[in-house]
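Since the structure comes first, as structure tokens, the remarks are kept for the end.
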Amino acid sequence: MRVNPFHSKKPGTTVYHDNNKCTEGNNIEKENKVPGTGGKSKCDHCKRLG
């Protein structure tokens, strides 16, 4: 299911997520998860999920 975009604030992170089924996005620790795209590219796994 699509959700509002979010990304990790950890240095070196290059993608954002917008699907709550994305395992990569779900692995972001709560304290590092921030809303928005952060000017990053969409995660490949999120792209495949639709």
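Side chains are part of it too, since the values below use all heavy atoms of this structure and drop only hydrogens, waters and symmetry mates. These numbers come from a predicted model, not from an experiment.
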Determine whether more than 12 heavy atoms belonging to other residues, nucleotides or ligands lie under 6.0 Å from atom NZ of K42.
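Atom NZ in K42 is crowded, with more than 12 foreign heavy atoms closer than 6.0 Å.
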Just wondering, more than 12 heavy atoms not from N27 lying within 6.0 Å of its CG?
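For N27, atom CG is crowded (more than 12 foreign heavy atoms under 6.0 Å).
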Once side chain to side chain contact (heavy atoms under 4.5 Å, CB included) is applied, do any residues pair with H17, and if so which ones, sequence neighbours excluded?
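Side chain to side chain contact (heavy atoms under 4.5 Å, CB included) list for H17, sorted by chain: F6, V15, C22, E24, I28, C43, C46.
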Could you grab the distance from atom CE of M1 to atom CG of N19, nearest 0.5 Å is fine?
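Nearest 0.5 Å value for the CE-CG distance: 9.5 Å.
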To the closest 0.5 Å, what do you measure between CG (D18) and CZ (R2)?
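One gets 4.0 Å once the value is rounded to the nearest 0.5 Å.
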For side-chain contact (heavy atoms from CB on, under 4.5 Å), just list the numbers for T37 and H7, CA-CA rounded to whole Å, side-chain angles, deciding distance to a tenth of an Å, and then say yes or no.
CA-CA 6 Å; T37 65; H7 65 283; 5.8 Å; no
What I want to find out is whether K10 reaches E29 closely enough, with some N-O distance under 4.0 Å, to be called a salt bridge.
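Counted as a salt bridge, because a side-chain N and a carboxylate O are separated by less than 4.0 Å.
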Please name the pair of heavy atoms, one in P5 and one in Y16, separated by the smallest distance, quoted to 0.1 Å.
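For P5 and Y16, the tightest heavy-atom pair comes out as CB-CD1, 3.9 Å.
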Report the C-alpha distance between K47 and D44 in whole Å, list the side-chain angles of each, state the deciding distance to 0.1 Å, and finish with yes or no for side-chain contact (heavy atoms from CB on, under 4.5 Å).
CA-CA 5 Å; K47 287 179 188 175; D44 285 338; 3.7 Å; yes
